[in-house]
S.K.: 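The structure is given below, and queries will be raised subsequently.
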Amino acid sequence: MSGGVDSAVSAALLMRAGYEVVGVTCRFRDNAATECAVADAATVCSQLGIPHVVPSCVDAFERCVVEPFVSSYADGLTPSPCVGCNARCKMPTLLRAADEHGCERIATGHYARIARLANSGRFVVKTALDARKDQSYMLSLLSQEQLARLVLPLGAMTKAEVRVIAADLGLVVAEKAESQDNCFIEGDYRPFLRAHGVEDAPGAIVDRAGTVLGRHDGLSNYTVGQRKGIGVAGPEPYYVVEKRPSTDELVVGFVDDTLIDGVVVGAMNWQAFPTLGDPYDAMVKLRYRSRPCACIIEPEDNQRVSIALRSPQPTTAPGQYAVLYDGDTVLGGGMIEEVVHA
């Protein structure tokens, strides 16, 4: 229970369905935001009449989420920390708490669904019925063991319906605002990186032909796809299309240069099958907020694939996750290692 309305209503719905419920708030950080979340969750649990426990996982969060986030930026990547956190920190913490308190299942307030495939018995994530709130992307790295015990009460609901239930129950979080994606950074991420030792070097701003256009003050200050604040002018707006940490070069181009034909993805986590042996027609999301696009998956080995896009798409950044779908079913997901420009 994060202290928000989604997890609060999830707990209430589980109680309606006959479950015995224990509220769990993971203490990922020792800060004011965490204390507020714990207090709100405790109040909701009191209103619902259920126990509330607060396991500390500050060290695990630092090791599994913060350190990879910092090192990824230092390596010129653009990480998506929430995806890794769900699989490597949040779900393991919830499962340990469940075992300690005699609970068979765990539940979260994610907008997605869990299903079991009839032909193989494997567990998969499916998209939420409300496409505007779908969070299946965020659960693409979950293992079979995690999925087998996970319950998602909100998969068939809209946010408006959730708020109505919270209001009808008189829950204190009924009108609470949405939380931010990065729970451990307030505002600009760059001071956070500096505080954690990321001191990248200045270098050249170049176009795709290698022509030097200017200077930048460190690659971590820029994001692939960025248009404003680059510091160079041309006959039309420049976009960041690539970061080259080996040479400290920031590569920029015009809007046509931002299109890509494919990506190479590593550390694949397959949900729908143990591995992929043959090419597979699918859909792919290249960022959490992007629309799925048609692609062909070409397996290279069990954990590395090339994804050829059926039509050029706006660029994404190495370090983001590519999540593959067949209809409403998550096939699997992995980290983007390379992009192939159109």
Side-chain angles (χ1 to χ4, degrees), residues 28-29 31 33 61-85 137 179-260 263-266 285-290 313-322 335-342:
F28 293 129
R29 308 291 282 173
N31 55 26
F61 188 81
E62 187 75 20
R63 182 178 65 256
C64 298
V65 180
V66 176
E67 290 177 3
F69 177 85
V70 172
S71 63
S72 292
Y73 264 108
D75 292 338
L77 304 176
T78 303
S80 181
C82 298
V83 181
C85 177
Y137 179 100
S179 61
Q180 299 299 312
D181 284 342
N182 277 357
C183 65
F184 58 96
I185 298 176
E186 297 180 6
D188 192 345
Y189 68 93
R190 288 170 291 191
F192 181 88
L193 294 177
R194 302 294 176 267
H196 284 74
V198 177
E199 296 290 347
D200 48 4
I205 301 175
V206 302
D207 62 19
R208 291 182 64 185
T211 303
V212 176
L213 304 174
R215 300 284 294 175
H216 67 79
D217 55 359
L219 293 179
S220 68
N221 295 305
Y222 303 87
T223 302
V224 172
Q226 176 179 333
R227 182 172 71 86
K228 297 182 178 180
I230 299 173
V232 292
E236 56 183 288
Y238 278 113
Y239 295 77
V240 175
V241 297
E242 185 183 352
K243 297 193 290 186
R244 295 174 179 166
S246 61
T247 58
D248 290 320
E249 290 178 312
L250 183 73
V251 184
V252 300
F254 301 130
V255 65
D256 288 346
D257 297 314
T258 66
L259 298 178
I260 60 173
V263 292
V264 177
V265 180
K285 290 185 71 171
L286 298 173
R287 290 181 185 266
Y288 176 38
R289 301 295 183 187
S290 68
Q313 298 295 316
T315 191
T316 187
Q320 294 287 296
Y321 287 91
M335 184 180 292
I336 296 170
E337 297 179 347
E338 304 172 28
V339 298
V340 181
H341 286 279

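Predicted model only: the values in this text are computed from it and were never measured.
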S.K.: Salt bridge between Glu62 and Arg29, side-chain N to carboxylate O under 4.0 Å?
M.R.: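 Yes, this pair counts.
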S.K.: Check whether the ring centres of Tyr321 and Tyr137 lie less than 6.0 Å apart, and answer yes or no.
M.R.: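 No: the rings miss the under 6.0 Å criterion.
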S.K.: Between Arg244 and Asp248, is there a side-chain heavy-atom distance shorter than 4.5 Å?
M.R.: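 Sidechains of Arg244 and Asp248: no contact.
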S.K.: Could you pull out the closest heavy-atom pair between Val65 and Cys85, with the gap in Å?
M.R.: CG2-CB, 3.6 Å
S.K.: Any side-chain heavy atom of Tyr238 sitting closer than 4.5 Å to one from Asp257?
M.R.: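 Result no, sub-4.5 Å side-chain heavy-atom pair not found.
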S.K.: Which distance, rounded to the nearest 0.5 Å, do you find between the CE of Met335 and the CD of Gln320?
M.R.: 9.0 Å
S.K.: Is there a side-chain contact between Asn221 and His216, using heavy atoms and a 4.5 Å cut-off?
M.R.: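 Side chain of Asn221 against side chain of His216, heavy atoms only: no contact under 4.5 Å found.
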S.K.: Quick check: closest heavy atoms across Cys64 and Pro68, and the distance to 0.1 Å?
M.R.: O-CG, 3.4 Å
S.K.: Just grab all the side chain to side chain donor-acceptor pair (under 3.5 Å) pairs involving residues 67-82, residues at least two apart or on different chains.
M.R.: none
S.K.: To the nearest 0.5 angstrom, please state how far the CD atom of Gln313 sits from the CG atom of Leu286.
M.R.: 7.0 Å
S.K.: Within the structure provided, determine whether Glu337 and Pro318 are in side-chain contact (heavy-atom separation under 4.5 Å).
M.R.: no
S.K.: Determine whether Thr316 and Ile336 satisfy the following criterion, side-chain contact (heavy atoms from CB on, under 4.5 Å), listing intermediate values before the conclusion.
M.R.: CA-CA 9 Å; Thr316 187; Ile336 296 170; 3.5 Å; yes
S.K.: Taking side chain to side chain contact (heavy atoms under 4.5 Å, CB included) as the test, write out the residues that go with Gln226, two or more places apart.
M.R.: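 Scan of Gln226 (side chain to side chain contact (heavy atoms under 4.5 Å, CB included), adjacent residues dropped) gives Tyr222, Thr223, Ile230, Val240.
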S.K.: Side-chain contact test, heavy atoms from C-beta onward, threshold under 4.5 Å: evaluate it for Lys243 versus Val251 and give yes or no.
M.R.: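 Sidechains of Val251 and Lys243: no contact.
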S.K.: Within the structure provided, determine whether Val66 and His196 are in side-chain contact (heavy-atom separation under 4.5 Å).
M.R.: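 A side-chain contact exists here, since the closest heavy-atom pair is under 4.5 Å.
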S.K.: Please lay out, stage by stage, how Glu236 and Val255 fare under the test side-chain contact (heavy atoms from CB on, under 4.5 Å).
M.R.: CA-CA 9 Å; Glu236 56 183 288; Val255 65; 4.2 Å; yes
S.K.: Would you name the heavy atoms of Val263 and Val265 that are closest together and state the gap between them?
M.R.: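 Nearest pair, atom of Val263 first, then Val265: CG2-CG2, 3.8 Å.
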S.K.: With ring-ring contact (aromatic ring centres under 6.0 Å, His included) as the criterion, how do Phe69 and Tyr189 come out once you've worked through the C-alpha distance, each side chain's angles and the decisive distance to 0.1 Å?
M.R.: CA-CA 11 Å; Phe69 177 85; Tyr189 68 93; 7.1 Å; no
S.K.: Any idea which heavy atoms bring Glu249 and Thr247 closest together, and the distance?
M.R.: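 Taking Glu249 first and Thr247 second, the nearest heavy atoms are OE1-OG1, 2.9 Å.
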S.K.: May I have the list of side-chain donor-acceptor pairs in residues 200-213 shorter than 3.5 Å, sequence neighbours left out?
M.R.:
residue	atom	partner	partner atom	Å
Asp200	OD2	Leu219	N	3.0
Asp200	OD2	Ser220	N	2.6
Asp200	OD2	Ser220	OG	2.9
Asp207	OD1	Ala209	N	3.0
Asp207	OD1	Gly210	N	3.0
Asp207	OD1	Thr211	N	2.9

S.K.: Heavy-atom distance under 4.5 Å between the side chains of Phe254 and Pro235, does that happen here?
M.R.: yes
S.K.: Quick one: does Tyr239's side chain get under 4.5 Å of Val252's, heavy atoms only?
M.R.: no
